[in-house]
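This is a predicted model, so every value here is computed, not measured. Just so you know, these numbers use all the heavy atoms, side chains as well, and skip hydrogens, waters and symmetry mates.
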Amino acid sequence: MHNDASLLLKTTGLTRRFRGLMAVSNLHLDIRKDEILGLIGPNGAGKSTTFNLISGFIKPTSGKLEIFGRDCTGWSPTKISRMGFVRTFQHSSYMRTMKVRDNILLGTIHGMAGTGPSERSRRVEETASILGLEPYLESQAGTLPHGIQRLVSIAIAFAARPKLMCLDEPLTGLNQTEVAATLDVFRTIRRDFDCTVLLVEHNMKAVMAVCDRIVVLHHGQQLATGTPAEVRTNENVIEAYLGKRHVK
């Protein structure tokens with residue numbers, strides 16, 4: 001147990017091997033309440049494995065996962081999600097043939113157990129309003145532009161009003177206008193709903209603009225952590241990942 005009331009999630013020595021490959025090695029990761037935390041690193045750095053470990057989709061080879069100071073190591077995704085943790089996936093997780101309204105409604109299943117249809121409907125409307133999806137509620141999700149489909153995936157996750165929302169490359173394929181609008185959504189979610197956001201993303205400009213803190217992974221290990229300004233000027237990070245052209 002720890003005494004830091006601001007700490008939402010903590011990993012200690014989290015490790016995952018796949019046969020001979022060390023995908024994540026001795027990871028010490030803290031996620032604090034009401035922050036937007038970026039998780040970055042080159043392909044193969046262990047970002048997706050880390051996501052899968054903290055959301056329960058794979059179990060660690062060794063190490064410990066704590067949520068709100070409680071040992072949750074090896075818990076199932078369902079049990080972890082009931083703690084208020086939801087995640088999206090790299091490929092948009094929504095039902096293409098269903099209306100946007102019904103997709104968002106699916107997201108209320110975990111967060112609104114025991115509530116009636118009218119409360120769930122209000123939650124759908126509020127969620128759509130926050131994400132700018134009101135004009136698309138009656139549209140079939142699979143027919144919408146790529147940027148809107150990405151927002152639908154985020155809306156499904158946010159409909160549960162999670163304490164931690166883990167977003168796996170949510171900005172992929174978005175144009176600059178769509179990226180800016182989506183970053184504003186993240187800021188609103190954090191400010192108005194006390195929702196912490198963990199962001200795995202390759203768009204460095206967006207990560208630097210929206211994140212309070214960034215963790216850099218390299219070969220399954222934590223290479224650096226700090227504010228965007230600290231990470232941007234960290235020589236190890238520049239050498240391993242960002243490159244001079246990314247950090248000007």
Under a 3.5 Å distance rule, please check whether [X] uses its side chain to pair with a backbone N or O of [Y] as donor and acceptor.
X	Y	value
Ser121	Ser118	no
Thr49	Ala23	no
Thr233	Ala229	yes
Glu35	Leu37	no
Gln149	Gly142	yes
Glu126	Arg123	no
Glu119	Gly116	yes
Asp212	Ile36	yes
Thr225	Ile214	yes
His146	Thr172	yes

Assess whether a salt bridge exists between [X] and [Y], defined as any Lys/Arg side-chain N lying under 4.0 Å from an Asp/Glu carboxylate O.
X	Y	value
Lys163	Asp194	no
Lys47	Asp168	no
Lys99	Asp102	no

Open item on the list: Tell me whether Met22 shares a hydrophobic cluster with Ile54, the cluster being built from Ile, Leu, Val, Met, Phe, Trp, Tyr side chains joined at under 4.5 Å.
Closed with: no

Would you say [X] and [Y] make side-chain contact, with heavy atoms under 4.5 Å?
X	Y	answer
Arg120	Leu105	yes
Pro170	Ser153	no
Arg190	Thr196	no
Thr11	Thr50	no
Cys166	Leu164	yes
Arg16	Ile58	yes
Thr12	His28	yes
Met98	Leu106	yes

Task: For Glu230, salt bridge (charged side-chain N to carboxylate O under 4.0 Å, His left out) partners two or more places apart - done: none

Task: With Glu125 via salt bridge (charged side-chain N to carboxylate O under 4.0 Å, His left out) - residues at least two apart - done: Arg101

Task: Residue pair Gln221, Leu27: steps toward the side-chain contact (heavy atoms from CB on, under 4.5 Å) verdict - done: CA-CA 6 Å; Gln221 296 182 311; Leu27 182 65; over 6 Å; no

Looking only at heavy atoms, which two atoms of [X] and [Y] are closest? And how far apart?
X	Y	result
Val237	Ala224	CG2-CB, 3.6 Å
Ser139	Leu144	CB-CD2, 3.8 Å
Gly74	Pro60	N-CD, 4.4 Å
Val179	Ala206	CG1-CB, 4.0 Å
Cys195	Met165	SG-CB, 4.0 Å
Ala155	Leu133	CB-CD1, 3.7 Å

Open item on the list: I'd like to know whether Leu217 forms a side-chain contact (heavy atoms from CB on, under 4.5 Å) with Leu39, so could you lay out the CA-CA distance, the side-chain angles of the two residues, the decisive distance to 0.1 Å, and finally the verdict.
Closed with: CA-CA 7 Å; Leu217 295 182; Leu39 186 64; 3.9 Å; yes

What's the spacing between [X] [atom1] and [Y] [atom2] if we round to 0.5 Å?
X	Y	atom1	atom2	value
Asp30	Glu66	CG	CD	9.5 Å
Phe51	Glu169	CZ	CD	9.5 Å
Cys72	Phe85	SG	CZ	7.5 Å
Asp184	Ile189	CG	CD1	11.0 Å
Ile67	Leu9	CD1	CG	5.5 Å
Asn103	Tyr136	CG	OH	15.0 Å

Please say whether more than 12 non-hydrogen atoms of neighbouring residues, nucleotides or ligands are located less than 6.0 Å from [atom1] in [X].
X	atom1	value
Lys205	NZ	no
Arg17	CZ	no
Glu138	CD	yes

TODO: Check Asp71, Ile80, Leu53 against Leu65 for a side-chain contact (heavy atoms from CB on, under 4.5 Å) and give me the one that passes.
DONE: Ile80

- [ ] Measure centre to centre between the rings of Phe158 and Phe193, then say whether the value is under 6.0 Å.
- [x] yes

Task: Worked check of side-chain contact (heavy atoms from CB on, under 4.5 Å) between Leu167 and Leu198 - done: CA-CA 6 Å; Leu167 304 175; Leu198 174 61; over 6 Å; no

Task: Residue pair Leu151, Thr182: steps toward the side-chain contact (heavy atoms from CB on, under 4.5 Å) verdict - done: CA-CA 8 Å; Leu151 285 176; Thr182 305; 4.0 Å; yes

Open item on the list: Pairing donors with acceptors under 3.5 angstrom, does anything connect the side chains of Thr108 and Arg161?
Closed with: no

Open item on the list: Does the structure place the NZ or CZ of Arg87 under 6.0 Å from the centre of the six-membered ring of Phe57, at an angle of no more than 45° from the ring's axis?
Closed with: yes

